[in-house]
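Step one of this worksheet: look at the structure below.
Within every chain, numbering begins at 1; the chains are lettered A, B, ... in the order of the sequence lines, protein sequences first and strands thereafter. Model, not experiment: these values are computed from the prediction.
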Amino acid sequence: MPIRMHDTLRRKKVDFSTIEAGKVSMYVCGVTVYDRCHLGHARCYLSFDLIHRWLEQSGFDVHYVQNFTDIDDKIIHRANELDGDWKKLVDENIETYYEDMDALNILRADDYPRCTDYVDDMIRITADLIEKGNAYVADDGVYFSIESAPEKYGMLTGQILENVRSGAGGRVDDTGKSKRDHKDFALWKAAKPGEPTWDSPWGAGRPGWHIECTAMSMDYFGAQFDIHGGGHDLRFPHHEAEIFQGECHTGCSPVVHHWLHNGFVNLDGEKMSKSLGNFWTINEILKKVDAMVLRFALINAHYRSPIDMNDALLNDAERNYNRVLECYVTSLKGCLAENNVPLPVADFASTNPLSKSLALLEKMGEGFAKAMDDDFNSREAVAKVLGAVREIMKMHNSDMDAVDSNAFSHYAIDWLEETAGAVLGVLPTREMALAEPEEDPRKLEIADEVDALLLARTQARSDKDWAKADEIRDALHQMGVVVTDTAEGPTWDLA
RNA sequence: GCACGGUUGUCAGAGCGGCUAUGAGCGGGGUUGCAGACCCUGAAACGGGAGUUCAAAUCUCUCACCGUGCUCCA
């Protein structure tokens, strides 16, 4: 079954086909490194991580390129607010970018080009566009002329040339004064005092934002490539500008065969933005929430739909994630020996519960693949994993004989590692899963006191002195300790 | 104004022509002194109107409402 994906340009799901059989060229717009990454970046690169993983899992050899925009107005402004050293600012933020993404178990792209390494290419492409009559030199830079290719306007977003708001009023940037038309966009910005500059045939200056991605993607992939991704907000004008540049420069139409855009993150129903003060950096949120729980929460939604991030969503994710984890650990502990016993044939109609269960899990596995094939529907895929977890736990809790239990545990581990592990990326390593959790120092401090109280409570319970037992439990609550009674006796943890 | 997307039970949110998911919540049961956790089980929805069809949450038209973009943005 072919993979289907939603192409922004064609505005529908299409069967995925590659330029070269078995290989995928994928370019995703990276971050402008003027600050730490926030939740929105996490969502974007997580979306494409899932796409990356599923394409690999489906047998494609994926060449994944993601850039860093390391020169731009915001970087210059931010550096000037600090010590003026934009290179230092850029390096620091690239460093923390990797830290944040690694924490979220996002697989590295194959290449992370920086746009300042591509200024020569951008100059070459700009010169070619001028020669072809698609761009013109003005007082303060070089601009792409929309009028030279009006048929390409609004391809991604359906903007109609006449309707785009006229006037460039309100631009923070004071370049753009000598544009012939307000819709034209800068390919090269003439030098301004105090800014980093590069030499060019049009004098000193620096490249425009849009031309970067064209230069870098073409360097890796040539005139055409399979997938171009990015945040929903980049469709206009950034990606439309790329279509103008790339297609006019190469003469290829299309340059990009599949346009993929991920949805945004809202916070408590409001758009996440700095002006509203509801910006969460990944770094901040990971102080409160386990990275795998955050990952689980973010993939538990289709990549194109907006996510409303709130505590309920995170609590939900935590509960479900722990369920998956528990199932994995139980299965790992269930493997007592090498598996050399064949499992029974999977059969829904069988009276053997193991055989029936295997049939169910097989079907869940197929459902998982079907969900991912259908425009990378990770939410549906997560649902299949949770369904399988329920089934696996049911079997673990049933009275299988030791041989079956061992064989089933091996099967369950394979199932989970292929889906929740390799594709969804939410399983820890086997070693980490089996490792005893490190004791919280706060817990050790009060352990003796708590144990003494629990002992008294156990005594009270066996005396059926419920009032006293509950009194002790309340006292423990006051200390921030939660008691849970199990068949093996009471256990406790910090709230 | 233009464009794109959406409106499904209490909530979140899949479903893309013939049973409807999943999770939380709620009801019943089990386990439990109780609570929690866990397990089993149940009820409950397709924005309004029209059309196509043997059959519509699903396709078409229409109305209403919501979100996002049109400016640097993942």
Side-chain angles (χ1 to χ4, degrees), chain A residues 4 6 8 11-13 28-32 34-35 37-48 66 69 72-75 77 154 156-173 176 182-183 209 229-238 240 261-266 269 271-274 297 300-308 310 312-313 315-317 319-320 322-323 326 367 371 374-375 377-387 390 393-394 397-398 460-467 469-470 473-474 477 482-487 490-491 493:
Chain A
R4 288 172 63 75
H6 184 270
T8 310
R11 284 167 207 168
K12 61 180 179 191
K13 284 185 201 169
V28 175
C29 285
V31 282
T32 300
Y34 71 102
D35 206 345
C37 290
H38 59 256
L39 211 44
H41 297 113
R43 155 87 132 148
C44 176
Y45 301 112
L46 210 40
S47 297
F48 288 100
Q66 190 194 122
T69 294
D72 137 296
D73 290 336
K74 279 192 199 161
I75 290 171
H77 289 154
L156 278 182
T157 53
Q159 302 292 337
I160 293 166
L161 210 45
E162 291 74 35
N163 289 335
V164 173
R165 196 166 66 191
S166 16
R171 291 205 61 174
V172 233
D173 194 358
H182 74 275
K183 294 183 289 296
W209 176 41
H232 191 251
D233 54 332
L234 295 183
R235 295 175 311 148
F236 186 96
H238 185 55
E240 298 230 340
H261 292 97
N262 67 277
F264 264 41
V265 179
N266 296 327
K271 188 188 167 183
M272 191 171 70
S273 79
K274 283 195 171 163
N300 194 202
H302 186 90
Y303 77 92
R304 279 189 289 123
S305 53
I307 289 184
D308 188 33
N310 53 52
L313 188 81
N315 290 339
D316 230 42
R319 187 171 309 161
N320 285 140
N322 285 334
R323 194 177 293 177
E326 192 200 339
D374 183 14
D375 199 24
N377 192 342
S378 56
R379 179 175 243 278
E380 184 70 13
V382 167
K384 295 297 173 194
V385 169
L386 290 172
R390 182 183 292 257
M393 287 311 280
K394 202 167 117 190
N397 292 327
S398 70
R461 289 182 73 205
S462 58
D463 294 345
K464 297 202 189 297
D465 186 350
W466 311 128
D470 289 346
R473 186 166 61 192
D474 287 345
H477 263 291
V482 179
V483 179
T484 305
D485 291 318
T486 69
T491 63
D493 206 342

Under 4.0 angstrom, heavy atoms only, what part of the nucleic acid is [X] near: base, sugar-phosphate, or nothing?
X      : value
A:H238 : nothing
A:G40  : base
A:D233 : base
A:V28  : nothing
A:V265 : base
A:G387 : nothing
A:K394 : sugar-phosphate

Starting at [atom1] of [X], measure out to [atom2] of [Y] and round the result to the nearest 0.5 Å.
X      : Y      : atom1 : atom2 : answer
A:L386 : A:R319 : CG    : CZ    : 12.0 Å
A:N262 : A:L46  : CG    : CG    : 10.0 Å
A:H261 : A:C29  : NE2   : SG    : 7.5 Å
A:H477 : A:D470 : NE2   : CG    : 9.5 Å
A:H232 : A:R43  : NE2   : CZ    : 11.0 Å

(Q) On RNA chain B, compare the nucleotides closest to A:S305 and A:N320; which residue's is nearer the 5' end? (A)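 Here A:S305 is the residue nearer the 5' end.
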
Q.
Let me spell it out: for each of A:L156 and A:H41, pick the nucleotide of RNA chain B with the closest heavy atom. Which residue's pick is nearer the 5' end?
A.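 First, find each residue's nearest nucleotide; the 5'-ward one identifies A:L156.
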
So which heavy atom on [X] is nearest to which on [Y], and how close?
X      : Y      : result
A:L313 : A:D308 : CD2-O, 3.7 Å
A:N300 : A:R379 : O-NE, 3.2 Å
A:Y45  : A:Q66  : CD2-NE2, 3.5 Å
A:H41  : A:C37  : ND1-CA, 3.5 Å
A:C44  : A:G230 : SG-C, 4.4 Å

Which of the following nucleotides, [options], is nearest to the side chain of [X]?
X      : options             : answer
A:R390 : B:A14, B:G33, B:G23 : B:G23
A:R379 : B:A74, B:C34, B:A12 : B:A12
A:F236 : B:G33, B:G25, B:C70 : B:C70
A:D316 : B:A74, B:A35, B:G23 : B:G23
A:K74  : B:C72, B:A12, B:C34 : B:C72

[X] [atom1] to [N] [atom2], straight-line distance once rounded to whole Å:
X      : N     : atom1 : atom2 : answer
A:D465 : B:C34 : CG    : P     : 16 Å
A:N322 : B:C38 : CG    : C1'   : 14 Å
A:N300 : B:A14 : CG    : P     : 10 Å
A:Y303 : B:G13 : OH    : P     : 18 Å
A:L234 : B:U71 : CG    : P     : 14 Å
A:R304 : B:C4  : CZ    : P     : 15 Å
A:H302 : B:A12 : NE2   : C1'   : 16 Å
A:M393 : B:A37 : CE    : P     : 16 Å

So, does [X] get its side chain near the phosphate of [N], meaning an N or O under 4.0 Å from OP1 or OP2?
X      : N     : value
A:T69  : B:A74 : no
A:N377 : B:G15 : yes
A:R323 : B:A24 : yes
A:R235 : B:A3  : no

**Q.** Presence of donor-acceptor pair under 3.5 Å, side chain of A:N266 and base of B:G67
**A.**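 No such pair is found, so the answer is no.
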
Q. Taking N and O atoms by type only, does the side chain of A:H232 place a donor or acceptor under 3.5 Å from a partner on the base of B:A74?
A.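 When only heavy-atom distances are counted, A:H232 does not reach the base of B:A74 through any donor-acceptor pair under 3.5 Å.
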
Write down the distance separating the [atom1] atoms in [N] and [M], rounded off to the nearest Å.
N     : M     : atom1 : result
B:A56 : B:C61 : C1'   : 15 Å
B:G47 : B:A57 : C1'   : 12 Å
B:U8  : B:G1  : P     : 24 Å
B:A43 : B:G28 : P     : 15 Å
B:A37 : B:G23 : P     : 16 Å
B:U20 : B:C38 : P     : 28 Å
B:U71 : B:C63 : C1'   : 33 Å
B:C40 : B:C19 : P     : 26 Å

Q | B:A74 pyrimidine/purine six-ring stacking with A:Y45, under 5.5 Å and 30° | A |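 Not stacked: fails the 5.5 Å / 30° test.
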
Q) Can you give the dot-bracket line for RNA chain B, where a pair is Watson-Crick or G-U wobble with both atom distances under 3.5 Å, crossing pairs use [ ], and | marks a partner on another strand? A) (((((((..(((.(...[.).))).(((((.......)))))....(((((..]....))))))))))))....

